[in-house]
**Q** 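Structure incoming, see below.
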Amino acid sequence: NDVNVMTGRKIIKHSCMEQSSILSFTDRLSKKEQMSADAAFARAIYAGALPLSIFSGNPLWNVAFNILRPSYKPPNLHSLRKPLLEAEYARIMKLAEEKVQNSQCLTLISDGWTNIRGDGVVNFLLATPDIVFHKSIEPGENRETGQYIGQQFINVIYDVGSANVLLLVTDNASNMRVAWNMVRSEFPHIFTIGCVAHGLSLLAKDIMKIPRLSDLRNKAKTVVKNIKNKRVSLAVFRKKQREKYENKAVALKMPNPTRFAGDEILFNSLKLNKVALQETVISEDVKIEDSVRRDILDDTFWQDITIAGELLKPIARGIKVLEGDSPNLSLVPIVLMDIKVQIINSLKRHSSLINSSTSNTILKQVAKRFDFCCKDIHKAAYYVDPRFRGEGLSDEDCLNCLEVIKQISNHIDLPANEVIANAAMYKSKSGFYGRPILWEVASQNDCDPVTWWKGLCANQLLQPIATRLLQLIPSSAASERNWSTYQLIHSKKRNRLLGKRVEKLVAVRSNLYLLDENIDKKKCEDCLYYRQMEAASLVIDYDDDDQLLYQYASNEAPNPNEDSSDSEVESSSFQCSDESS
């Protein structure tokens, strides 16, 4: 039975029409089945960020549905825009509200964005610790000052219940400090911090301001552009990649202004393609700028690429771990310790190439960013994490951790002095915490610190504070990712969507995971790296002559997978100008 489609009309042969009429009579959908099918199709459309006119704008859908189930008619544009969207939004947000209300503690995350129409949008997400989209607002004629944003934070906190909100995380914009003060004034128990991923990204930018590294980045970008923007050069380069690396080839990458650690990605992609690049530029078929050819064949260029990569790699690894949706607040101190140790060791390895002035400039920038990225609440979470137990913190840091623990104890009506005494026993592994089996379990790679506290130390006074601290999120990157969802839905082709409708579509797509809590979440392998790392110290010390002291830098075992031959190449030392200092 043939089915022909002409100008949107179905021309069906007589025999097919008879069969269709029989099917429609015997297989007619009930009202409940029709509603269930409509809801399922609507959910699939919202989840895929598909146009709401997907059915009404294409009559071929009717042909397909007629073959599958002649009695079923897909939902029209009005249904998808109004009743079906309202129903799905109400259902999803009810699940989100239940998730928020059942949470032991909450992290409020927020960020601002400008949509395709030039309207400002501010979103509000809640970490339970799973990320839940709460709502968004359009400031409209209101300027996004600290006072305005602070009042919006206060409104959201009252909306979800202030008792369970323990942390506010935003980006590092200057107006946020005013907003933080307003929140702390209204809710003294809430801690406010800047996004650690943004802070580490700024540290990478500080390092790249060193003149020689800045020039190196420009040269590296020019190399990538000359290879990728010329068809013949790119074809020859890809051929060399296949010959040298087979299926392990890595593409050349440019830094993206909306992505963290872009310079490290640039340098690493060049380093992994060194041989292919050099063979490409000496090929007779390739016409390339003389300056680019000289750079690619120059050992000094590759030496500088190696040094820059070593300085930026620990920062990029730390950002990768801390920008995720996992509750990694306790990892912040150990990540910063690793960054400090790796940078100090890199400066020591290349001390003949990097002068002391530049080394001090880099490490002073590290110390400055550490002060911003690591506050007392980060250290307190690190303190109560049984995997670390505050190793590497100074005595003063530990006392500040106890102040945080005391503040949370008072908020949840626990006897603060008894909690502090219990924390001292935990730190010293005495009393109940003297049982070796506790620490054997904590040392296992698959040990979850919250489960450790709730499963093995459920009756200890420190447990309610520890489990709250270990469920907090250190980064606002989740709100940045939420803008990708906004951009996917409110695109150039769908720019006439109203703000409220966009908000509902984003809420449905963002919170759909609540329908299935068994969805597998990606685990970051670098988290295991930090768990196995020996704790160092957050402090960078100098002697009386303002020279760096290296006593905190651990001895690194050489990595057999890394090519160290470039480090033997002689090069002029990095110079730091007064301006960059």
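Worth saying up front: this structure is predicted, and the values here are computed from it rather than measured.
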**Q** Using every non-hydrogen atom in the two residues, find where G194 and N172 come nearest and quote the distance to one decimal.
**A**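 So the two residues come closest at CA-OD1, 3.5 Å.
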**Q** For a 4.5 angstrom cut-off between non-hydrogen side-chain atoms, does F260 reach L200?
**A**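 F260 vs L200: side chains apart.
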**Q** Measure across I489 and R494 and return the closest heavy-atom pair with its distance rounded to 0.1 Å.
**A**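 Answer, listing the atom of I489 first, then R494: O-CD, 3.4 Å.
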**Q** If you count the non-hydrogen atoms of other residues, nucleotides and ligands that lie under 6.0 Å from CZ in R117, is the total more than 12?
**A**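 Yes - once you tally the heavy atoms of other residues, nucleotides and ligands closer than 6.0 Å, there are more than 12.
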**Q** How close do S201 and I319 get, heavy atom to heavy atom, and via which atoms?
**A**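 Looking at all heavy atoms of both residues, the closest pair is N-CD1, 3.8 Å.
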**Q** More than 12 heavy atoms of other residues, nucleotides or ligands under 6.0 Å from NZ of K427: yes or no?
**A**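 Buried by this count: over 12 neighbours within 6.0 Å.
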**Q** Do you know which two heavy atoms are closest between S479 and D111, and how far apart they sit?
**A**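 Nearest pair, atom of S479 first, then D111: OG-CB, 3.2 Å.
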**Q** Quick test of your reading of the model: are E97 and K94 salt-bridged, counting only N-O distances below 4.0 Å?
**A**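 Salt bridge: no.
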**Q** Closest heavy-atom contact between V384 and W453?
**A**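 Shortest heavy-atom separation between V384 and W453 comes out as O-NE1, 2.9 Å.
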**Q** Taking it one step at a time, do N400 and E396 satisfy side-chain hydrogen bond (donor to acceptor under 3.5 Å, both in side chains)?
**A** CA-CA 6 Å; N400 292 335; E396 184 178 356; 4.7 Å; no
**Q** Give the minimum heavy-atom separation between A127 and I109, together with the two atoms involved.
**A**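 Heavy atoms only, the tightest pair is CB-CD1, 4.3 Å.
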**Q** Answer yes or no: is there an ion pair linking E88 with K504, defined by an N-O contact shorter than 4.0 Å?
**A**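 Salt bridge flag = no for K504 with E88.
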**Q** Yes or no on side-chain contact (heavy atoms from CB on, under 4.5 Å) for K375 and F191, after CA distance, side-chain angles and deciding distance?
**A** CA-CA 10 Å; K375 302 298 184 182; F191 297 86; over 6 Å; no
**Q** Between K406 and E403, does the salt bridge (Lys or Arg N to Asp or Glu O under 4.0 Å) criterion hold? Intermediate values first, please.
**A** CA-CA 5 Å; K406 181 179 179 180; E403 289 291 343; 5.2 Å; no
**Q** Salt-bridged, R317 to D338, with N to O below 4.0 Å?
**A**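 A salt bridge is present here (some side-chain N lies under 4.0 Å from a carboxylate O).
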**Q** Before you tell me yes or no, could you show the steps for D395 and L399 under side-chain contact (heavy atoms from CB on, under 4.5 Å), namely the whole-Å CA-CA distance, both residues' side-chain angles and the distance that decides it to 0.1 Å?
**A** CA-CA 6 Å; D395 291 344; L399 290 177; 5.7 Å; no
**Q** Decide, yes or no, whether a salt bridge links R481 with D325 under the criterion of side-chain N to carboxylate O below 4.0 Å.
**A**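 Salt bridge: yes.
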**Q** F133 vs I92, test: side-chain contact (heavy atoms from CB on, under 4.5 Å). Steps then yes/no.
**A** CA-CA 10 Å; F133 177 86; I92 287 293; over 6 Å; no
**Q** Test side-chain hydrogen bond (donor to acceptor under 3.5 Å, both in side chains) on S103 and N164 and set out the steps.
**A** CA-CA 8 Å; S103 175; N164 286 346; over 6 Å; no
